[in-house]
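Here's the structure, in structure tokens; my notes come after.
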Amino acid sequence: MKKLINDPDHVVRESLEGFAAAHPDLVSVHFNPTFVVRSDGVPDGRVGILSGGGSGHEPMHNGFVGRGMLDAACPGEVFTSPTPDQMLAATEAVSAGAGVLHLVKNYTGDVMNFEMAEEMGADEGIEVRSVVIDDDVAVEDSTYTAGRRGVGGTVLIEKMCGAAADDGRSLEEITDLARRCNSEVRSMGMALTSCTVPSAGEPTFQLADDEMEIGIGIHGEPGRDRMSLESADAVVERLMGPILSDLPFHSGDDVLLFVNGMGATPMMELYLCYRKAAAMAEDHGLNVVRNLVGPYITSLEMAGLSITMMRMTDDLVALWDAPVQTPGLRWGQ
Amino acid sequence: MKKLINDPDHVVRESLEGFAAAHPDLVSVHFNPTFVVRSDGVPDGRVGILSGGGSGHEPMHNGFVGRGMLDAACPGEVFTSPTPDQMLAATEAVSAGAGVLHLVKNYTGDVMNFEMAEEMGADEGIEVRSVVIDDDVAVEDSTYTAGRRGVGGTVLIEKMCGAAADDGRSLEEITDLARRCNSEVRSMGMALTSCTVPSAGEPTFQLADDEMEIGIGIHGEPGRDRMSLESADAVVERLMGPILSDLPFHSGDDVLLFVNGMGATPMMELYLCYRKAAAMAEDHGLNVVRNLVGPYITSLEMAGLSITMMRMTDDLVALWDAPVQTPGLRWGQ
Amino acid sequence: MSRDSTFVRSWIEAFFDRVEENQKYLTKLDSAIGDGDHGQNMVRGLRAAVQSLNDSDTRETLRNVAMSIISKTGGASGPLYGTLFMEAGKTAPDGPIALSDWAAMMRAGLDGVQRRGKAETGEKTMVDALTPAVEALESAVEQDASWSDALSDAAAAAKDGMESTTPMIATKGRASYLGDRSAGHQDPGATSSFYLFAAAVDANETSAE
Amino acid sequence: MSRDSTFVRSWIEAFFDRVEENQKYLTKLDSAIGDGDHGQNMVRGLRAAVQSLNDSDTRETLRNVAMSIISKTGGASGPLYGTLFMEAGKTAPDGPIALSDWAAMMRAGLDGVQRRGKAETGEKTMVDALTPAVEALESAVEQDASWSDALSDAAAAAKDGMESTTPMIATKGRASYLGDRSAGHQDPGATSSFYLFAAAVDANETSAE
Ligand SMILES: Nc1ncnc2c1ncn2[C@@H]1O[C@H](COP(=O)(O)OP(=O)(O)O)[C@@H](O)[C@H]1O
Ligand SMILES: Nc1ncnc2c1ncn2[C@@H]1O[C@H](COP(=O)(O)OP(=O)(O)O)[C@@H](O)[C@H]1O
Ligand SMILES: [Mg+2]
Ligand SMILES: [Mg+2]
Ligand SMILES: [Mg+2]
Ligand SMILES: [Mg+2]
């Protein structure tokens, strides 16, 4: 296991200490319970936007705390859902009189821990709403599965909600917005390599030099299918095909196209894949009105990529363009 | 070789096509000769800032083209210096009547190709100045080497020069600034793994599971020393030690501390290393007034990190803080 | 015959010991069909649970264990095991624990797990080990069996349940994302649930000493 | 005896052939003490050089070859080989090429490489193959040798020079960053420089047919 870490059991703590030291202008980090909160506090009367999940997906979610996106994030151990006490404390920290929205990725652990936090916090007098994000098309949403995973769409939804909060919208409105965005976004990912959880000490799965894994999530678990390595263009086709047909996206739709690196794939390859993804979108009659390319929701040092596409309307474009100042995403002022 | 590419010989071209498709608001990409230029053009009377080098270090340099940093970048093949015709065409594209500054990383190939471009362009009537960047402390600058490599300091210097140009400074002033910054910055890097040049098909060197390479550059070549893997804190000490003593940095100095990922090292580990680097800087009596953490000057999918530290003065802090809008770095407005 | 909070504390300690001894194994199972953290999750949560033990009565002990697990485990297993212990604690009698009380506590724990996780048997989860174990306890109570026999029957049933998960295709939890590929691997949560019941046997042997 | 632009074109084609056959080998050498691109660089540059060949005279042919290499190779080898061919072309006679002309052209090429790269012999670069080869040519001229003998002496000297780089510690180029670790590996640029002189032998044999 080759990592730049010290004691494997202290990775999350030490990383958070470094993160706090690097971004005091944007975030504060609390420990025990552990959460990251914007350093300037949520303005009175503004809805608080909160998310969280296992560590190991950086910059998500901690890197999206600041202005214009998340107000707080609860980081668990690597690939492990955070615990209710974290969400309770973070919820209180971002409650400014207008309620708090929890954005929860659809994993059994994340959903249950957030639910328990909401149960435990019911008496606190803070109005909390919760939206579960489940944009992954690799998994069938059926009684035969735990439901679709929350993956790349999470990044986009966090941005939309943060902008909506900055726009002074109500908890009800932002909750509806989040649900609407969730219904309009689809994703799928693949991997060339697995990754190694520090305390596990070895990769979660092994791929041969000529194999790839299609339909992966973000926690290093195996995907739907293992097959021979293909060219980038062929891989993009395998991901874009299900994305396009699942929503389905229609000719004439405006879209945001997000090509995400899983952690170890160089930017050079991400742009090369973007070329094909954008071309496929255009062939499908879509207008790619916005895009995002880079490692935003990762799986430690996994090599691979995921594609996310959200159907956009003018109001969503405006929310996307609204200023954001966080360690992981920055534009506008 | 596991990469998301198509024909290995077309990687740079296809990646640039994707990059152009993703950032039309910021850049235009020209082919034959190949260069990336800001899409809005250099304002009249402003100095043009140009750099370039082999591909494979993304986001450097293409990702730094836009407003407030580079006006143009010349990308060569993977790890291969670009050719004079590229620099000639790019220089012309960013010449707005106040001359053009070439920022050249100190590699024999880069220096010679830029030199030839300057020779060939001497009759064009564009005033060109050139500054060679050589911040790497892993290599002794002596008659026994090709001189110190230009590494992480390049990112910082490109930002300073772009801001100085936006500030209306003259070619002479910006050239002096670049030289001054170069004399005030030091870097060193290490690797946990090598990387694979697409057309080579296999890693440039092999490290065992318990080995690391200290004193690497950014082209995948072996470093100064190979040794047993150590903890992150120990690795940071091995890099910070020479950086601190080489300038040398003095107690009371203000510094910009830049912890850079070589490509495949997760953000979680970079922040964990930043924690130690910042602590060492503080122990040395330094004030870390600004920082940068992330993969900004990479070596394809190499796992590893490099540390860069620049001594800062108030004017440099102001240049660092000045707005920048490029695919790879964004703040201000 | 009855047991008391001493037995409950021994049970928790034995559960921690079993999970700690088998941390790598649990992680390995969770790597094949999950994200490789079940071993660490259980060790972390149960270490905190053991640290919470003091001379409180059974109800408070189990409440503290539940809170520790909930606040330190994370993942899917934290809320599920936390709920199991919370409900078991709520169902525990004030004083001595009869075998019938024990069975009721474990049934309440299982009900809590199923309410929270919504899993039935056959979905390749901890429920596949918990259910036969609880049924074995209830059976033992009906037959007026001894604690020893009851606990070892329950442990044996849990073991069979754990092993029965191997050919199953997961329809709950992270393993369900793998579809058919989840078959042929033993479920990690069912494995730690076996340890839960084996730990009761361990605790009973300790008590007997 | 003299040669002409036909010989020069054969030489360039043979140089490309040798480099293309040995692309992986050059890359392998450049991986041990460099960044693994020398093979690709040389193939790319020489492919363009071969494509630039037409029925121009020697001076223009070499100028076109130089420009192709400069614009298509990149790295350290592009400017260096580009300069070599540029200077050789400037030194070439208008008409037939006598052996003494050839030696002068190669000397001019080497001088250009040394002016641009500032390397002397013993620094583990292409200069370590070029220098003995040029000296062998000059020696052959003095001894009034035949083209055949002169070219094969030069190639043999280039080969010895290439092999002599193996134990050297590099003090120029990328390999110099490795310090002592550069010793024990043959220099890639010296290897392609050997091919340059071996290609002249190939071209001469082609001409002789
Ligand atoms: N809905 C559920 N009901 C019951 N048990 C479940 C459910 N979902 C997951 N589990 C159990 O949790 C175990 C995985 O736990 P763990 O690895 O700690 O959490 P995570 O899956 O969040 O990483 C599975 O092996 C399974 O037994
Ligand atoms: N200063 C120099 N003078 C002469 N030859 C040099 C010099 N620097 C490098 N070389 C030659 O260039 C070769 C490497 O070429 P190449 O790999 O194409 O370029 P790069 O080093 O830029 O990747 C070396 O093997 C060496 O022979
Ligand atoms: Mg988990
Ligand atoms: Mg090179
Ligand atoms: Mg797990
Ligand atoms: Mg090279």
Side-chain angles (χ1 to χ4, degrees), chain A residues 1-7 11-12 14-19 21-22 55-56 58-59 63 78 192-193 195 207 209 212 229 231-233 235-236 259 263-276 278-279 288 291 293 295 298 300-301 303-305 323 325 327-328 330-333, chain B residues 1-7 11-12 14-19 21-22 55-56 58-59 63 78 192-193 195 207 209-210 212 229 231-233 235 259 263-276 278-279 288 291 293 295 298 300-301 303-305 323 325 327-328 330-333:
Chain A
M1 173 171 82
K2 302 188 90 164
K3 287 173 181 287
L4 284 163
I5 62 176
N6 299 310
D7 183 332
V11 173
V12 172
E14 291 176 354
S15 184
L16 285 168
E17 288 174 358
F19 178 73
S55 292
E58 291 74 13
V78 174
L192 295 179
T193 71
C195 56
L207 282 171
D209 284 346
M212 64 182 186
L229 191 52
S231 70
D233 284 2
V235 165
V236 169
V259 169
T265 288
M267 281 306 288
M268 193 170 74
E269 291 172 31
L270 296 182
Y271 279 120
L272 188 148
C273 292
Y274 182 83
R275 168 185 177 268
K276 176 65 174 178
V288 180
N291 69 69
V293 183
T298 60
L300 291 172
E301 68 281 332
L305 92 163
Q325 298 298 325
R330 253 181 250 254
W331 57 69
Q333 186 69 329
Chain B
M1 174 172 79
K2 303 188 91 164
K3 287 174 180 285
L4 284 163
I5 62 177
N6 300 310
D7 183 332
V11 172
V12 172
E14 292 176 353
S15 184
L16 284 169
E17 288 174 356
F19 178 74
S55 292
E58 290 73 13
V78 174
L192 296 180
T193 70
C195 56
L207 281 172
D209 284 346
D210 60 348
M212 62 181 188
L229 191 50
S231 71
D233 284 1
V235 165
V259 170
T265 288
M267 281 306 287
M268 194 171 73
E269 291 173 30
L270 295 183
Y271 279 120
L272 189 148
C273 293
Y274 181 83
R275 167 186 178 267
K276 176 66 174 176
V288 180
N291 68 71
V293 183
T298 62
L300 292 171
E301 67 281 332
L305 92 164
Q325 298 297 323
R330 256 180 248 254
W331 57 71
Q333 187 67 338

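FYI, side chains are in, hydrogens and waters are out, and symmetry mates aren't considered; it's all heavy atoms of this structure.
When atom types are taken as modelled, the side chain of B:Ser231 and the backbone of A:Asn6 share no donor-acceptor pair closer than 3.5 angstrom.
When the candidates B:Met1, B:Glu301, B:Lys3 are compared by the number of heavy-atom contacts under 4.5 Å with chain A, B:Lys3 comes out ahead. Between chain B and the residues A:Tyr274, A:Trp331, A:Phe19, A:Tyr271, the largest count of heavy-atom pairs under 4.5 Å involves A:Tyr271. In terms of heavy-atom pairs under 4.5 Å with chain A, the best-connected choice from B:Pro266, B:Ala264, B:Ser15 is B:Ser15. With chain A as the partner, the residue from B:Gly56, B:Ala22, B:Pro295, B:Pro59 showing the most heavy-atom pairs under 4.5 Å is B:Ala22. Your options are A:Asp233, A:Leu300, A:Val12, and the one with the most heavy-atom pairs under 4.5 Å with chain B is A:Asp233. The choice from A:Ser55, A:Ala278, A:Gly332 that makes the most heavy-atom pairs within less than 4.5 Å of chain B is A:Gly332.
Nearest approach of B:Glu14 to A:Arg275, heavy atoms of both residues: O-CD, 3.2 Å.
The side-chain contact (heavy atoms from CB on, under 4.5 Å) check on B:Leu207 picks up A:Lys2, B:Phe205, B:Glu211, B:Glu213, B:Arg226, with sequence neighbours excluded. Listed by chain and number, the residues in a side-chain contact (heavy atoms from CB on, under 4.5 Å) with B:Thr265 are A:Leu4, B:Glu269, B:Leu270, B:Ala303 (sequence neighbours excluded).
For the pair A:Val78 and B:Met268, the minimum side-chain heavy-atom distance is below 4.5 Å.
Here CD of B:Gln333 is found 6.0 Å from CD of A:Gln333. Values are rounded to the nearest 0.5 Å.
With a 4.5 angstrom heavy-atom cutoff, A:Val259 does not touch chain B via any of its atoms. Within the 4.5 angstrom heavy-atom criterion, atoms from both the backbone and the side chain of A:Leu192 approach chain B. Looking at A:Pro327, only its side chain comes within 4.5 Å of chain B, counting heavy atoms on both sides.
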